[in-house]
Amino acid sequence: MGDNLNRGIPKLHEAFKGAFDIGAAVNPRSIVHAGDLIANHYNSLTAENEMKFVSLHPAENTYTFDEADKIAAFARKNGMKLRGHTLVWHNQTSDWLFQETDGGPVSRDKLLARLKSHIDTVVKRYKDDIYAWDVVNEVIADEGSEPLRSSKWLDIAGPSFVAKAFEFAHEADPKALLFYNDYNESHPLKRDKIYSLVKSLLDQSVPVHGIGLQAHWNLYDPGLDDIRAAIEKYASLGLRLQLTELDVSVFRFDDKREDLVSPTKEMLELQAIRYDALFSLLREYKECIDAVTFWGAADDYTWLNDFPVRGRKNWPLLFDERHKPKSSFWSVVNQNG
Ligand code: HAH
């Protein structure tokens, strides 16, 4: 079915050949239901949830690799690159990690020893498959002057857990490219905090090689000027950049409307214009951007169907619910690379 639908349609990643790789976040269901589409149009994959701490390491002496392995095998079979997501995060992380068996908090030394052991096991297991890891995800606070968000990591280990995570990952696989990854990355205040964190890591010779701009954007925000300024500021650190989780929601972030069962014509038109503008900008920075990964493959399944309004459908990607190219697809493949 997928092959018939795709006859005569240019491959998305080929439209960006010579500029950057084009990836998709996948899961064990999507690599089956949308397997042809994914293998055809993308040349890089990220596991949406399957390599997060809670998925891989639910109890101290239990690792569960089956689902993650399916994604690694799919990437191998189809000759695609694979990114790792993610080693340190405040969400989707098992409670046992922060606790003693009596339920009390673990010591700093023990938490860091557990972190090292986790990173060592996971990074080494996938070292022949994964070329880049989101080592630390979302540690910067959205609001206020404090740089780091409050978390069990920060409470127990203090700020140095960030540097430690990169050091442990580098020891486990010295070839892997190590990324700091965050959202609202183009918002000026948060951009400056991300910049300062990564700069201070580099000043301490911590092995950080890139910044991941999640790029959970919408039809209106952030503005192109803010995106450009963020790219330039991060690139000024001499690091590689990737867009790691791109999607373009058809709703503003605070829009709670729930009535739509399909996108309006206007939304689809605006989205095509927006994607065109975004990829024109990204192409300008192809010397520092190595990959652009969408947080999903097609509109039948996206995390935005539940976020930030539970149960609400969204249509943020380049392929529709039947896996057919949207106007947004044509607007980016028809650009003159
Ligand atoms: C991302 N958080 C995570 O990195 C990813 O692992 C998850 O599957 C989905 C999105 C984004 C995020 C946000 O845009 C706003 C608030 C919290 C988190």
Side-chain angles (χ1 to χ4, degrees), residues 23-31 44-57 67-68 71 82-94 118 122 130 132-144 148-154 162 165 178-187 189-191 193-194 197-198 210-222 226-227 230 241-256 278 291-314 316-317:
V26 297
N27 57 53
R29 282 130 351 253
S30 69
I31 56 174
S44 176
L45 295 182
T46 307
E48 183 185 17
N49 290 300
E50 292 67 21
M51 294 189 186
K52 292 172 180 172
F53 199 109
V54 75
S55 305
L56 289 180
H57 202 172
E67 304 292 275
I71 292 169
L82 186 61
R83 306 186 74 259
H85 176 82
T86 178
L87 298 169
V88 172
W89 194 23
H90 60 282
N91 280 330
Q92 291 176 262
T93 301
S94 318
H118 175 82
V122 172
I130 291 181
W133 270 100
D134 294 331
V135 176
V136 175
N137 198 32
E138 305 181 351
V139 290
I140 295 294
D142 284 298
E143 311 281 335
L148 299 184
R149 78 167 61 241
S150 67
S151 71
K152 289 185 189 155
W153 288 111
L154 185 60
V162 177
L178 305 182
F179 279 74
Y180 176 73
N181 192 49
D182 215 327
Y183 67 93
N184 285 349
E185 72 300 311
S186 300
H187 185 283
L189 274 176
K190 195 160 171 192
R191 172 197 73 206
K193 289 203 261 181
I194 294 171
L197 170 75
V198 177
I211 296 183
L213 296 81
Q214 286 188 9
H216 290 295
W217 296 338
N218 65 49
L219 294 180
Y220 314 96
D221 300 309
D226 280 347
I227 296 171
L241 305 185
Q242 296 198 6
L243 270 68
T244 52
E245 306 186 15
L246 175 63
D247 40 30
V248 174
S249 166
V250 300
F251 303 105
R252 284 186 198 275
F253 191 73
D254 54 5
D255 184 345
K256 298 287 182 282
L278 290 172
V292 175
T293 295
F294 291 85
W295 208 238
D299 283 347
D300 52 336
Y301 171 73
T302 150
W303 76 297
L304 293 173
N305 287 343
D306 275 304
F307 183 85
V309 177
R310 190 167 291 213
R312 178 181 67 183
K313 188 83 192 80
N314 206 324
L317 300 165

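What you see below is based on every heavy atom in this structure, not just the backbone, and it leaves out hydrogens, waters and symmetry mates. Both ligands and their constituent atoms are indexed starting at 1 by order of listing. Positions are given from 1 along the sequence.
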Could you tell me whether Trp295 and ligand 1 have an N or O pair separated by under 3.5 Å? yes
[X] heavy atoms, cut-off 4.0 Å: which ligand 1 atoms fall inside?
| X | value |
| --- | --- |
| Gln214 | 1 (C), 2 (N), 4 (O), 11 (C) |
| Asn137 | 4 (O) |
| Phe307 | 15 (C), 16 (C) |

Step by step, would you call Asn91 with Glu138 a side chain to side chain donor-acceptor pair (under 3.5 Å)? CA-CA 9 Å; Asn91 280 330; Glu138 305 181 351; 4.8 Å; no
Return the closest protein heavy atom for atom 14 (O) of ligand 1 as residue, atom name and distance.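 Scanning the protein heavy atoms, the shortest distance from atom 14 (O) of ligand 1 goes to Trp303 CH2, 3.7 Å.
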Which residue supplies the protein heavy atom nearest to atom 2 (N) of ligand 1, what is that atom called, and how far is it? Glu138 OE2, 2.7 Å
Would you say Asp226's side chain and His187's backbone share a donor-acceptor pair under 3.5 angstrom?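 Side chain of Asp226 to backbone of His187, a donor-acceptor pair under 3.5 Å: no, none is there.
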Just to verify, which of Phe294, Trp303, Tyr183 counts as forming a ring pair (Phe, Tyr, Trp, His ring centres under 6.0 Å) with His216? Trp303
Tell me which one of Leu243, Asn184, Asn137, Leu246 satisfies side-chain contact (heavy atoms from CB on, under 4.5 Å) with Gln214. Asn137
Could a heavy atom of Gln92 be found less than 4.0 Å from some atom of ligand 1? no
Can you find a pair of side-chain heavy atoms, one from Lys193 and one from Asp182, that are under 4.5 Å apart? no
Which one of His85, His216, Lys52, Glu245 has a non-hydrogen atom at the shortest distance from atom 8 (O) of ligand 1? Lys52
Give the single entry among Tyr183, Trp217, Trp89 that approaches atom 15 (C) of ligand 1 most closely by any heavy atom.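 Of the listed residues, Tyr183 has the closest heavy atom.
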Ligand 1 versus Asn91, non-hydrogen atoms closer than 4.0 Å: side chain, backbone, both, neither?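 The answer is neither; Asn91 stays 4.0 Å or more away.
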Verdict with reasoning, Thr302 to Asn314, per side chain to side chain donor-acceptor pair (under 3.5 Å): CA-CA 8 Å; Thr302 150; Asn314 206 324; over 6 Å; no
Side chain to side chain donor-acceptor pair (under 3.5 Å) test vs Asn305 passes for just one of Arg310, Lys313, Arg312, namely Lys313
